[in-house]
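This chain uses plain numbering: 1 for the first residue, then up along the sequence. Counting convention: from 1, in listed order, for ligands and their atoms alike.
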Amino acid sequence: MAQVEDIRGVAPDEVHGEASSWQPGWAKGLAGALAAALALGVAELLAGVIALVPSLVTVVGDGVIDVGPPMLIDLGIALFGTGDKTALQVGTVVLAIAAGVVVGLLAARRFLYGVLGFSAFAVLGVVATAAAPQASPVGAAIGAVAGSGTGLAALWVMLRQLGQHREEPVREASVDRRAFLRTAGVAGVAALGAGAVGRMLASSDELSSQIADSTLPQVATGQPTPPPGTTVEVASMPPLYTPNSDFYRIDTALTIPRVDVTNWTLSVNGLVDNPTSITYDDLLAEADMESDVTLACVSNEVGGGLVGNAAWFGVPLARVLERAGVQPSGTQIVGRSVDGFTVSFPTEIALDGRDAMIAVGMNGEPLPARHGFPARLIVPGLYGYVSATKWLQDIELVTDDFDAYWIPRGWAKEGPIKTQSRIDVPTDRTQVQAGTVALAGVAWAPTRGIERVEVQVDEAEWVEAELAEALNVTTWRQWVYRWEASAGSHRVKVRATDAEGEVQTDELAPPRPDGATGLHTITVEVV
Ligand SMILES: Nc1nc2c(c(=O)[nH]1)N[C@H]1C(S)=C(S)[C@@H](COP(=O)(O)O)O[C@H]1N2
Ligand SMILES: [Mo]
């Protein structure tokens with residue numbers, strides 16, 4: 001018996017009738033969109049579970065950067081600022097879903113179009129991977145085929161519920177609206193769930209067994225112990241060596257790159273006489289430089305936490321450069337990551353005697369995934385954005401013309417770390433008891449070193465704080481001032497003087513373009 005759809009929404013259990021009774025275009029488009037979303041979700045889930053499988057969204061997004069019209073990409077950066085990587089990935093997902101709508105509409109006419117559409121999706125994923133140096137094409141194929149297959153199957157089920165692609169002539173019971181909506185809901189939830197779980201797993205710090213399997217030669221294992229005298233005896237002070245798990249993390253990577261060290265090599269190329277490739281085993285065998293270096297982010301606000309200190313372990317960069325034979329025109333060193341991020345700094349900085357290195361170890365452990373496993377650059381005295389490439393893949397010698405990742409985005413080309421000091425104890429706006437109060441913190445000026453730290457309470461004279469021994473000139477130095485505090489609300493300021501006699505400026509500057517300045521100031525309530 002033929003019925004017409006109840007358009008007021010009292011859905012009959014089943015709408016019987018001709019195929020045309022309930023199969024609006026939007027339902028077919030929705031089926032295609034959900035199928036595409038499910039395909040992406042499944043691919044992301046596999047990327048999270050199987051280390052070999054890359055995130056197709058990331059890989060395709062990065063492919064867009066490589067081939068996309070520069071104007072569009074610049075527009076994206078202007079609109080989204082530093083979030084352009086996120087925008088790119090969101091854009092990739094939106095485009096894929098839009099393509100899914102078209103495929104859904106076409107597949108409703110002939111399912112062959114669906115098969116072709118999802119095959120194209122899989123091929124695109126694998127092709128984009130070919131352009132991503134560290135991603136495995138086999139892994140990409142697994143993700144792409146499983147994702148497309150699931151998406152295609154879901155499309156088939158939903159279109160069938162919409163009365164499409166039946167072999168026999170459409171009769172009754174061909175349109176199952178309620179079943180379609182149910183399937184659509186399940187597909188949507190599954191797509192979101194799979195995508196979210198995949199992303200979560202992919203950004204977890206566990207790099208399968210790779211890191212556990214890699215052992216560092218000749219290095220003390222575990223968290224380093226500060227030498228006697230290098231710390232102040234004050235409760236709640238941050239440790240002199242920042243544990244890896246507490247070390248700040250800054251990068252443009254939405255998912256932490258997972259590098260398979262069995263087919264990873266570090267290439268040294270560009271304006272050199274002898275371009276070379278170095279394997280992970282080569283690096284481990286050659287690593288003999290251990291150096292304590294404080295790393296700071298240029299985005300760190302005065303008093304902020306985007307700074308940490310670690311014992312790094314690796315291969316001296318100068319040795320690698322010497323072997324490669326830098327040509328006179330190779331005045332800049334570019335460090336490029338497996339995901340295309342770049343830094344650059346003057347070649348002379350790497351050769352001036354500071355402990356610049358290709359680091360494989362951090363605080364007595366192989367580099368954690370989030371801090372750049374298997375190898376990263378560490379250049380004492382430079383902010384991370386111009387020096388500290390994580391997931392390093394490529395060291396290229398270039399001329400001064402080259403601008404690294406953050407330079408066209410409004411940050412200074414040269415990024416020496418500015419002298420800074422911070423009050424860690426007590427924290428801002430804490431209440432303390434009147435009497436002797438320990439004010440304490442850290443000061444850093446790599447590679448100059450810290451000579452003096454002074455404290456000012458309210459408008460009184462600057463007074464000198466006690467300094468713990470310095471580990472070296474490239475690390476932060478702890479300080480303490482024992483203050484006789486009287487009741488009331490007090491403003492406490494700190495300033496450092498570097499070992500060249502230069503006093504930290506009190507002039508306020510924001511992080512952009514070359515690092516914040518100003519004096520860290522807190523309020524202490526003494527009762
Ligand atoms: N591959 C890669 N390396 C990178 C970055 C990045 O975005 N990608 N960011 C840099 C910046 S801005 C900083 S401050 C340091 C931070 O290193 P961390 O995350 O180990 O603290 O990494 C640098 N290395
Ligand atoms: Mo940074």
Checklist entry - Should the pair His371 and Phe247 be assigned to parallel (<30°), tilted (30 to 60°) or perpendicular (>60°) ring geometry? => result perpendicular
Next on the checklist: Check this for me: does any side-chain nitrogen of one of Arg319 and Glu286 sit under 4.0 Å from a carboxylate oxygen of the other?
Outcome noted: yes
Next on the checklist: Less than 4.0 angstrom from a charged side-chain N to a carboxylate O is my criterion; do Asp251 and Arg376 meet it?
Outcome noted: no
Item to check | Closest non-hydrogen atom pair between Leu392 and Gly335, with its separation | outcome: CD1-CA, 4.0 Å
Item to check | Worked check of side chain to side chain contact (heavy atoms under 4.5 Å, CB included) between Phe402 and Ile407 | outcome: CA-CA 10 Å; Phe402 180 87; Ile407 314 314; over 6 Å; no
Checklist entry - Are Phe341 and Tyr385 close enough that their ring centers fall under 6.0 Å? => result no
Between ligand 1 and the protein, give all atom pairs where both partners are nitrogen or oxygen and the distance is under 3.5 Å, as lines of names plus distance to 0.1 Å.
from	atom 1	to	atom 2	distance (Å)
ligand 1	1 (N)	Ser337	OG	3.4
ligand 1	1 (N)	Lys390	O	3.1
ligand 1	3 (N)	Lys390	N	2.9
ligand 1	7 (O)	Thr252	N	2.8
ligand 1	9 (N)	Ile250	O	3.3
ligand 1	17 (O)	Arg376	NH2	3.0
ligand 1	19 (O)	Ile250	N	3.0
ligand 1	19 (O)	Lys390	NZ	2.5
ligand 1	20 (O)	His371	ND1	2.6
ligand 1	20 (O)	Arg376	NH1	2.7
ligand 1	20 (O)	Arg376	NH2	3.4
ligand 1	21 (O)	Tyr248	O	2.6
ligand 1	24 (N)	Ala388	O	3.0

